[in-house]
Undergrad: 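Could you have a look at this structure, given as C-alpha cells, before my questions?
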Amino acid sequence: MSDNKGPNFLEEIVANDLKTGKYKSIVTRFPPEPNGYLHIGHAKSICLNFGLSQEFGGYTNLRFDDTNPTTEDTEYVQSIKNDIRWLGFNWQHELYASDYFQQLYDWAVVLIRKGLAYVDDSTSEEIAAQKGTPTRSGTNSPFRDRSVEENLRLFQEMKEGKYRDGEKVLRAKIDMAHQNMHMRDPLMYRIKHAHHHRTGDTWCVYPMYDFAHGQSDAIENVTHSICTLEFIPHRDLYYWFIEQLGIFPSQQYEFARLNLSYTVMSKRKLLQLVNGRYVSGWDDPRMPTISALRRRGYTPESIRDFCERIGVARRENLIDVGLLEFSVRDHLNKVAQRRMVVLDPLKVVLTNYPEGEVEMLPGEDNPEDANSGSRDIPFSRELYIEQEDFMENAPKKFFRLAPGQMVRLKHAYIIKCEEVVKDAQGNITELHCTYVPESRSGSDTSGINVKGTLHWVSAAQALPIEVRLYDRLFMHEDVADAEGDFKEHLNPDSLQVIETAYAEPALKEATLEERYQFLRKGYFTLDPDSTADKLVFNRTVGLRDMWAKESKK
RNA sequence: UGACCUAUGGUGUAACUGGCAACACGUCUGAUUUUGGUUCAGAAGAGUCUAGGUUCGAGCCCUAGUAGGUCAACCA
C-alpha cells in the first residue's frame, strides 16, 4: 500500500494470516448503507478494502447493508456504485443484506430453538430502562423466560404482520449484567411495516445491524471484515452470533475513520446541509462527497494517492485538507492543459502595435508533458491582464506591471507600462503600454531580461466564461470540536462566482473530462451547468502562491 | 462511577517486533524557471503523555496515573 512507509497494521495482519496458512486467499467487503452519498471518508475505506484484496490476491464484494427500509433508497445505490467505479475499483459480487433476509430469519428461529432468543413485548422505553447504564447492570425483561414454543409462535406472527410497529421485538438472550452494553440482550428484529427498496412488501420484520452484518460476512466467506472504531463494542456480539450459529468465522478489525479539517464527515450532517439548502446538493463542489469532488475537478488518481498518504491506524486523527490539495495539484500538474484566463480584467492598449492586426502565437498545452501539443493564441493591440498584476506604487519585490516597468506576456512579447489612464473619479480604466517587437517568444533578440511573466487575453477574441471559486465550507478547523451547532460555522464566502471572466478562444473546445490549468490561477474543470452559450468552470484548487505569502509579510 | 480503545515533530503515518526516532505534507533558505507553478539542493522542528519497573539496552514489555475517544438508537 505504501512504498516508503511500513505496512499498516491491517496489512500486517493479512500478511500474517496468509503466511501461517490461516487463509489461502482473502475476501473483504465494502458495506455501505444506501441512505446517502459516499464521501471522502468512505474513499479511505474503499481504498483500504479493495487495496488489501488487490495487494494480497483476493477479492472485494460490494454489499449494501440495507436492513432499514425507512431510510434507504435505490437512488443511493446507483450513486454509490457510480462513485466506486469512478474511483477505479471493481467489486467481485454486488450483494445486498436483503438477499439474506430469509436465511437471517431462519437463523433467528435456530437461536429461538436453542433458547437464545425471545420475543419481548416491552416498549422501547422499557427496554432502554432494562439496559441499565454503563456503570449499572441491567435488569431482565419480564418476557425473558417465555417458552421456546411461545417464542416460535410469536416470532412467526410478527413476521405474518399480526402486530403493529414497535409492538414486539426479538431479542438475543445473553446477559443483562454484561460489562458490554451491546451484550445486554440486544435486539435482533423489529417490526416495520415499510416498503423495502428491493424486497418490496414481502417482509414486515427487519433484522438489526448486529444480526445482519456478521452473518452476511459469514455467508460471503469474508475473511477480514474491516470497520471503523465505533464498532469495537459490537465485536463481542459479532462473534457471539457467529459462534452460536456455527457459521464461517469472519474476523472483525477496526480502524480510525478519516476526519478532514474545515469540513464535516457524517452523513447526518451532510444531509442537513443538503436539506437545509446550505449547499446546492450532494454534489455541490464544496461538499466532501465523492460526487462533489468529482464535479469540482478532483481526479480518482489524486484521491487514491491521498488515501495512501494518510495511512491507516487506530487513533483519532484530523487531517489537514492541505494534504488533499497537495495530492490533486500533484496529479493535475502532470495532466492539465494550460490555458490563459483573466478573472478580473484590466485593459491594456499597446500603443505601438498596429491597429486591426492579429497574430497567432503558439502556446504549449502542457510543459510537463513532452507529448502534449500546442494551440495558437491570438494577440492584438488591445488586451486584458489581471487587475492584481498591476500596481501604481509597487513595492520592490513586486515583479509585475507598474509605471515604467517591463514584464513578459506569456508566449508573447515584453511590454512596458507607459501611462496609467484614469476616469474622473481617479479609477484606473486602462493602461497604455508599448511592446518590444524583437522580444517575441521563441525568437527573442531583444536581450531584455524581465522578472515577471503575466497571463493575458486578447480583448477582441476573448471568450466570456463564468468561473466559480471555492473556499473551505467551514471556518473552524475542527468543526466537530467547535462550539454550538455546526452550521453556525459555515463559511459565508465559500463560494465566489465570477460571472464574466475572459478566456482565450481555445477554451471553447473544453470538455467535462479534460482538466485545465488557468495559468497562474489554478486548476479548473468544466461544470455540468455549462450551456452552449455560457461555459462554467469550477476551480478545483489554486496554485501554490508564494507571492500571496510574501505580500502578507 | 464501569468497560473498552488510543497516546511518536505543527499535521498524518513509520521504526526490521527490545538496538542510539524515519517518511510525507507544512514551514524556512537558496538555485533554476517565459506560470512568484513545476523541478532541484538544503535547513529548522519531536527524544516518543507522566511516574515508576524489567533489561547491558525501552517509543516498543510490565505497573500506576494523566489526557482524549467510544459504549445506554426498534440507526448503521
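Letters A, B, ... are given to chains in the order of the sequence lines, protein chains preceding strands, and every chain is numbered from 1.
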Undergrad: Mind calculating the distance between CG (Asn259(A)) and C1' (U6(B)) to the nearest angstrom?
TA: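 Whole-Å distance recorded here is 14 Å.
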Undergrad: In this structure, how many angstroms lie between the P atom of G26(B) and the CD1 atom of Ile310(A), rounded?
TA: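 Checked: the CD1 to P distance equals 16 Å.
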Undergrad: How many whole angstroms separate atom CZ of Phe255(A) from atom C1' of U6(B)?
TA: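 The distance from CZ of Phe255(A) to C1' of U6(B) comes to 16 Å, rounded to the nearest Å.
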Undergrad: Can you work out whether Arg309(A) or Ala256(A) has the more 5'-proximal nearest nucleotide on RNA chain B?
TA: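 Result: Ala256(A).
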Undergrad: Expressed as a whole number of Å, how far does the P atom of U6(B) sit from that of C60(B)?
TA: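 About 15 Å, rounded to a whole number of Å.
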Undergrad: Would you classify Glu12(A) as touching base, sugar-phosphate or nothing, given that sugar-phosphate means primed atoms plus P, OP1 and OP2, and contacts are heavy atoms under 4.0 Å?
TA: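 Base, at least one base atom sits under 4.0 Å.
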Undergrad: Does the gap between the ring centers of Tyr118(A) and Phe143(A) come in under 6.0 Å?
TA: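 Judged by ring-centre distance (under 6.0 Å), Tyr118(A) and Phe143(A) do not meet the cut-off.
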Undergrad: Go ahead and write out RNA chain B as dot-bracket, 5' to 3': ( ) for pairs within the strand, [ ] for ones crossing earlier pairs, | when the partner sits on another strand, dots for unpaired; Watson-Crick or G-U wobble, both distances under 3.5 Å.
TA: .((((((..((((.....[..)))).(((((.......))))).....(((((..]....))))))))))).....
Undergrad: State which residues pass ring-ring contact (aromatic ring centres under 6.0 Å, His included) with Tyr516(A); sequence neighbours excluded, sorted by chain then number.
TA: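 Not a single residue meets the ring-ring contact (aromatic ring centres under 6.0 Å, His included) criterion with Tyr516(A).
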Undergrad: What is the distance from atom OG1 of Thr71(A) to atom OH of Tyr76(A), rounded to the nearest 0.5 Å?
TA: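 Interatomic distance, Thr71(A) OG1 to Tyr76(A) OH, rounded to 0.5 Å: 9.0 Å.
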Undergrad: I need a per-nucleotide contact map over nucleotides 66-76 of chain B, read 5' to 3'. Cutoff is protein heavy atoms under 4.0 Å; write B for the base, S for backbone only, - otherwise.
TA: ---S-SB-BSB
Undergrad: Can you confirm whether Val467(A) sits close enough to Arg539(A) that some side-chain heavy atom of one is under 4.5 Å from a side-chain heavy atom of the other?
TA: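 Counting from C-beta outward, Val467(A) and Arg539(A) never come under 4.5 Å.
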Undergrad: Just by modelled atom types, is the Pro362(A) backbone N or O under 3.5 Å from a matching donor or acceptor in the Ser374(A) side chain?
TA: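 Side chain of Ser374(A) to backbone of Pro362(A): no pair is present.
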Undergrad: In this structure, which one of Asn449(A), Thr453(A), Asp444(A) forms a side-chain hydrogen bond (donor to acceptor under 3.5 Å, both in side chains) with Arg408(A)?
TA: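 Output: one option passes, namely Asp444(A).
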Undergrad: Examine U8(B): is either OP1 or OP2 under 4.0 Å from a nitrogen or oxygen in the side chain of Arg315(A)? Give yes or no.
TA: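 Yes, because at least one side-chain N or O of Arg315(A) sits under 4.0 Å from OP1 or OP2 of U8(B).
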Undergrad: Name the residue from Trp203(A), Phe211(A), Tyr206(A), Tyr100(A) that meets the ring pair (Phe, Tyr, Trp, His ring centres under 6.0 Å) definition with Tyr105(A).
TA: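 With Tyr105(A) as partner, ring pair (Phe, Tyr, Trp, His ring centres under 6.0 Å) holds for just one option, Trp203(A).
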Undergrad: Can you see if the side chain of Arg314(A) gets near the phosphate of U6(B) - specifically, an N or O under 4.0 Å from OP1 or OP2?
TA: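 Yes, such a contact exists.
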Undergrad: Do Arg171(A) and Gln130(A) get their side chains close enough for a donor-acceptor pair, meaning under 3.5 Å?
TA: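 A pair is found: one side chain offers a donor N or O, the other an acceptor, under 3.5 Å apart.
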Undergrad: Using a 4.0 Å heavy-atom cut-off, does Leu318(A) contact any base of the nucleic acid, only the sugar-phosphate backbone, or nothing at all?
TA: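 Sugar-phosphate, no base atom in range.
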Undergrad: If we take the C1' atom in both U63(B) and U54(B), what is their distance in whole Å?
TA: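 One C1' to the other, the span is 11 Å.
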Undergrad: Strictly under 3.5 Å: I want the nitrogen or oxygen pairs between protein and nucleotides 41-46 of chain B, one per line.
TA:
none

Undergrad: For Leu258(A) and U11(B), give me the distance from atom CG to atom C1', rounded to whole Å.
TA: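 The answer, rounded to whole Å, is 13 Å.
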Undergrad: Just label G47(B) as syn or anti from its O4'-C1'-N9-C4 or O4'-C1'-N1-C2 angle, using within 90° of 0 for syn.
TA: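 It is syn.
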Undergrad: Quantified in whole Å, what is the P atom distance between nucleotide U50(B) and nucleotide A67(B)?
TA: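 Roughly 15 Å separates the two P atoms.
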Undergrad: Ile174(A) CD1 to A3(B) C1': how many Å, rounded?
TA: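 The distance from CD1 of Ile174(A) to C1' of A3(B) comes to 16 Å, rounded to the nearest Å.
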Undergrad: Is the side chain of Ser372(A) donor-acceptor paired with the backbone N or O of Asn366(A) at a distance under 3.5 Å, no angle test?
TA: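 Here the side-chain-to-backbone pair exists.
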Undergrad: C1' atom, U39(B) versus G12(B): distance in rounded Å?
TA: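 Per the computed distance, 25 Å lies between those C1' atoms.
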Undergrad: Could you tell me how far apart Tyr238(A) (OH) and C4(B) (C1') are, to the nearest whole angstrom?
TA: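 Atom-to-atom, Tyr238(A) to C4(B), this comes out as 19 Å.
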Undergrad: Among U13(B), G2(B), C25(B), which nucleotide has an atom closest to any side-chain atom of Thr135(A)?
TA: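 Between U13(B), G2(B), C25(B), the one nearest the side chain of Thr135(A) would be G2(B).
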Undergrad: Of Arg515(A), Arg338(A), Arg339(A), which is the lone residue that meets salt bridge (charged side-chain N to carboxylate O under 4.0 Å, His left out) with Asp365(A)?
TA: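 Per the salt bridge (charged side-chain N to carboxylate O under 4.0 Å, His left out) rule, the option paired with Asp365(A) is Arg339(A), out of Arg515(A), Arg338(A), Arg339(A).
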Undergrad: Work out how far the P atom of A24(B) is from that of G42(B), and round it to whole angstrom.
TA: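 One P to the other, the span is 12 Å.
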Undergrad: How would you label the glycosidic angle of U27(B): syn (within 90° of 0) or anti?
TA: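 Classified anti.
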Undergrad: U27(B) and U33(B): how far apart are their C1' atoms, nearest whole angstrom?
TA: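 Going atom to atom, C1' in each nucleotide, I get 23 Å.
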Undergrad: Rounded to whole angstroms, how far apart are CG on Asn317(A) and C1' on U8(B)?
TA: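 These atoms are roughly 15 Å apart.
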Undergrad: Run the ring-ring contact (aromatic ring centres under 6.0 Å, His included) test against His476(A) and tell me which residues pass, sequence neighbours left out.
TA: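 With neighbours one apart ignored, the set is His489(A).
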Undergrad: Hey, are His213(A) and Asp65(A) close enough side-chain-wise for a donor-acceptor pair under 3.5 Å?
TA: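 Side chains of Asp65(A) and His213(A): pair found under 3.5 Å.
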Undergrad: Between C49(B) and G9(B), how far apart are the two P atoms, rounded to whole Å?
TA: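 Those two atoms are separated by 8 Å.
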Undergrad: Using modelled atom types and a 3.5 Å cut-off, is there a donor and acceptor pairing between side-chain atoms of Glu386(A) and backbone atoms of Leu343(A)?
TA: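 The answer is yes, because a donor-acceptor pair under 3.5 Å joins these two groups.
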Undergrad: Between Asn151(A) and Val119(A) (side chain of the first, backbone of the second, donor and acceptor by atom type, cut-off under 3.5 Å), is there such a pair?
TA: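 Yes.
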Undergrad: In the 5'-to-3' direction, what one-character label does each nucleotide of nucleotides 34-39 of chain B receive under the scheme B = base within less than 4.0 Å of a protein heavy atom, S = sugar-phosphate only, - = no such atom?
TA: BBBBS-
Undergrad: Compare all side-chain heavy atoms of Glu359(A) with those of Arg440(A) and state whether any distance is below 4.5 angstrom.
TA: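 A side-chain contact under 4.5 Å exists here.
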Undergrad: Please tell me whether Phe241(A) and Trp107(A) form a close aromatic pair, meaning their ring centres lie under 6.0 Å apart.
TA: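 No.
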